[in-house]
Chemist: 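Got a structure for you, written out below as structure tokens; questions coming shortly.
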Amino acid sequence: QVQLQESGPGLVKPSQTLSLTCTVSGDSITTNYVYWTWIRQPPGKGLEWMGAIANSGYTYYSPSLESRTSISKDTSKNQFTLQLRSVTPEDTAVYYCARIFATSTFIDFPSWGQGTQVTVSS
């Protein structure tokens with residue numbers, strides 16, 4: 001029943017900031033043990049975990065992207081966002097938002113958005 005929908009521009013110029021929003025239905029972004037997550041898949045490559053934000057607001061980032069990445073949430077809108085700064089063509093990918101329920105003893109199968117293509121090009 002949980003549904004996630006990515007939104008944002010599909011084309012970003014190099015050196016600019018990629019900004020995406022994930023709108024959540026069927027669950028609250030304040031739910032305990034839930035990690036609101038961004039994952040991407042560049043063309044011809046595998047899935048890459050980018051980062052997540054917990055209900056507490058604590059953020060987690062991939063070490064390779066941490067310096068350029070910010071994840072935030074807006075509880076009033078039940079949304080969470082991704083900002084990726086200083087993008088290059090290597091950041092071209094399909095970007096997904098996802099919901100992951102995880103405790104110390106259990107990790108659920110994620111709920112995914114449909115994904116959105118973002119192309120970095122001048």
Side-chain angles (χ1 to χ4, degrees):
Q1 190 170 352
V2 176
Q3 294 184 329
L4 301 94
Q5 178 66 61
E6 303 90 346
S7 61
L11 181 64
V12 183
K13 294 182 178 180
S15 81
Q16 298 303 115
T17 296
L18 182 160
S19 183
L20 297 174
T21 297
C22 184
T23 300
V24 178
S25 300
D27 194 14
S28 171
I29 61 173
T30 65
T31 301
N32 202 11
Y33 301 112
V34 172
Y35 300 84
W36 304 96
T37 303
W38 289 100
I39 300 164
R40 69 179 183 180
Q41 185 170 34
K45 298 182 179 180
L47 297 170
E48 179 184 20
W49 178 82
M50 302 183 69
I53 187 166
N55 67 325
S56 65
Y58 192 89
T59 50
Y60 308 80
Y61 299 112
S62 169
S64 65
L65 298 171
E66 184 173 8
S67 65
R68 298 192 291 133
T69 305
S70 296
I71 298 173
S72 60
K73 63 179 182 177
D74 186 338
T75 58
S76 68
K77 298 180 179 179
N78 216 38
Q79 296 175 330
F80 64 104
T81 62
L82 169 71
Q83 290 187 313
L84 183 65
R85 298 175 290 275
S86 302
V87 299
T88 74
E90 293 182 351
D91 293 310
T92 294
V94 178
Y95 286 76
Y96 300 91
C97 57
R99 174 193 185 273
I100 303 175
F101 179 92
T103 69
S104 61
T105 58
F106 177 78
I107 301 177
D108 202 2
F109 294 102
S111 298
W112 297 75
Q114 66 185 40
T116 186
Q117 172 71 43
V118 179
T119 299
V120 179
S121 176
S122 60

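Count residues from 1 along the sequence.
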Chemist: What residues, two or more places apart in sequence or in another chain, satisfy salt bridge (charged side-chain N to carboxylate O under 4.0 Å, His left out) together with Asp91?
Modeler: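 Counting only residues at least two positions away or on another chain, Asp91 forms a salt bridge (charged side-chain N to carboxylate O under 4.0 Å, His left out) with Arg40, Arg68.
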
Chemist: Take Tyr95 and Leu84 through the side chain to side chain contact (heavy atoms under 4.5 Å, CB included) test and state the conclusion after the steps.
Modeler: CA-CA 11 Å; Tyr95 286 76; Leu84 183 65; 3.7 Å; yes

Chemist: Walk me through whether Val34 and Asn55 qualify under side chain to side chain contact (heavy atoms under 4.5 Å, CB included).
Modeler: CA-CA 7 Å; Val34 172; Asn55 67 325; over 6 Å; no

Chemist: Assess whether side chain to side chain contact (heavy atoms under 4.5 Å, CB included) is satisfied between Phe80 and Arg99, documenting all intermediate values.
Modeler: CA-CA 11 Å; Phe80 64 104; Arg99 174 193 185 273; over 6 Å; no

Chemist: Which atoms form the tightest heavy-atom contact between Ala52 and Thr37, and what is the distance?
Modeler: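 Taking Ala52 first and Thr37 second, the nearest heavy atoms are CB-OG1, 3.5 Å.
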
Chemist: Which residues satisfy the side-chain contact (heavy atoms from CB on, under 4.5 Å) test with Ser28, sequence neighbours excluded?
Modeler: Thr30, Thr31, Asn78

Chemist: Can you list everything that forms a side chain to side chain donor-acceptor pair (under 3.5 Å) with Ser62? Sequence neighbours excluded, please.
Modeler: Ser64

Chemist: Looking only at heavy atoms, which two atoms of Gly26 and Val2 are closest? And how far apart?
Modeler: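 Gly26 and Val2 have their closest heavy atoms at O-CG2, 3.9 Å.
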
Chemist: Quick one: name the residues clustered hydrophobically with Tyr96, using the 4.5 Å side-chain heavy-atom rule over I, L, V, M, F, W, Y, and just say none if it's on its own.
Modeler: Tyr35, Ile39, Leu47, Trp49, Tyr58, Tyr60, Val94, Trp112

Chemist: Please list, chain by chain and in numerical order, all residues satisfying side chain to side chain donor-acceptor pair (under 3.5 Å) with Asp74, sequence neighbours excluded.
Modeler: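 With neighbours one apart ignored, the set is Ser76.
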
Chemist: Could you pull out all donor-acceptor pairs under 3.5 Å where a side-chain atom in residues 114-122 meets a protein atom, sequence neighbours excluded?
Modeler:
{"residue": "Gln117", "atom": "NE2", "partner": "Thr119", "partner atom": "OG1", "Å": "3.4"}

Chemist: Can you name the nearest heavy-atom pair linking Cys97 to Trp38, along with the distance?
Modeler: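 Heavy-atom minimum between the residues: CB-CZ3, 3.7 Å.
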
Chemist: Do Trp36 side-chain atoms and Ile29 backbone N/O form a donor-acceptor pair below 3.5 Å?
Modeler: yes

Chemist: Minimum heavy-atom separation for Pro110 to Ile100, with atom names?
Modeler: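 Looking at all heavy atoms of both residues, the shortest contact is CB-CG1, 3.9 Å.
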
Chemist: For residues 10-17, which side-chain donor-acceptor pairs fall under 3.5 Å, sequence neighbours excluded?
Modeler:
none

Chemist: side-chain contact (heavy atoms from CB on, under 4.5 Å) with Thr23: which residues, sequence neighbours excluded?
Modeler: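 Testing Thr23 for side-chain contact (heavy atoms from CB on, under 4.5 Å), a comparison that skips the adjacent residues, returns Thr21, Gln79.
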
Chemist: Once side chain to side chain donor-acceptor pair (under 3.5 Å) is applied, do any residues pair with Thr81, and if so which ones, sequence neighbours excluded?
Modeler: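 Thr81 satisfies side chain to side chain donor-acceptor pair (under 3.5 Å) with Ser72 only.
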
Chemist: Testing the basics here: between Pro43 and Ala93, what is the closest heavy-atom pair and its distance to 0.1 Å?
Modeler: CD-CA, 4.4 Å

Chemist: Does anything in residues 28-96 form a disulfide (SG to SG under 2.5 Å)? List the pairs, not counting sequence neighbours.
Modeler: none

Chemist: What residues form a side-chain contact (heavy atoms from CB on, under 4.5 Å) with Tyr33, not counting sequence neighbours?
Modeler: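 Applying side-chain contact (heavy atoms from CB on, under 4.5 Å) to Tyr33 gives Phe101, Thr103.
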
Chemist: Which atom pair, heavy atoms only, marks the closest approach of Arg85 to Ser67?
Modeler: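 For Arg85 versus Ser67, the nearest heavy atoms are NH2-O, 3.4 Å.
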
Chemist: First locate atom CG of Leu4, then atom CG of Asp27, and finally report the distance between them rounded to the nearest 0.5 Å.
Modeler: 9.0 Å

Chemist: Partners of Ser104 by side-chain contact (heavy atoms from CB on, under 4.5 Å), sequence neighbours excluded?
Modeler: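 With neighbours one apart ignored, the set is empty.
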
Chemist: Quick one, Met50 with Leu65, criterion side chain to side chain contact (heavy atoms under 4.5 Å, CB included). Give me CA distance, side-chain angles, the key distance, then yes/no.
Modeler: CA-CA 7 Å; Met50 302 183 69; Leu65 298 171; 3.9 Å; yes

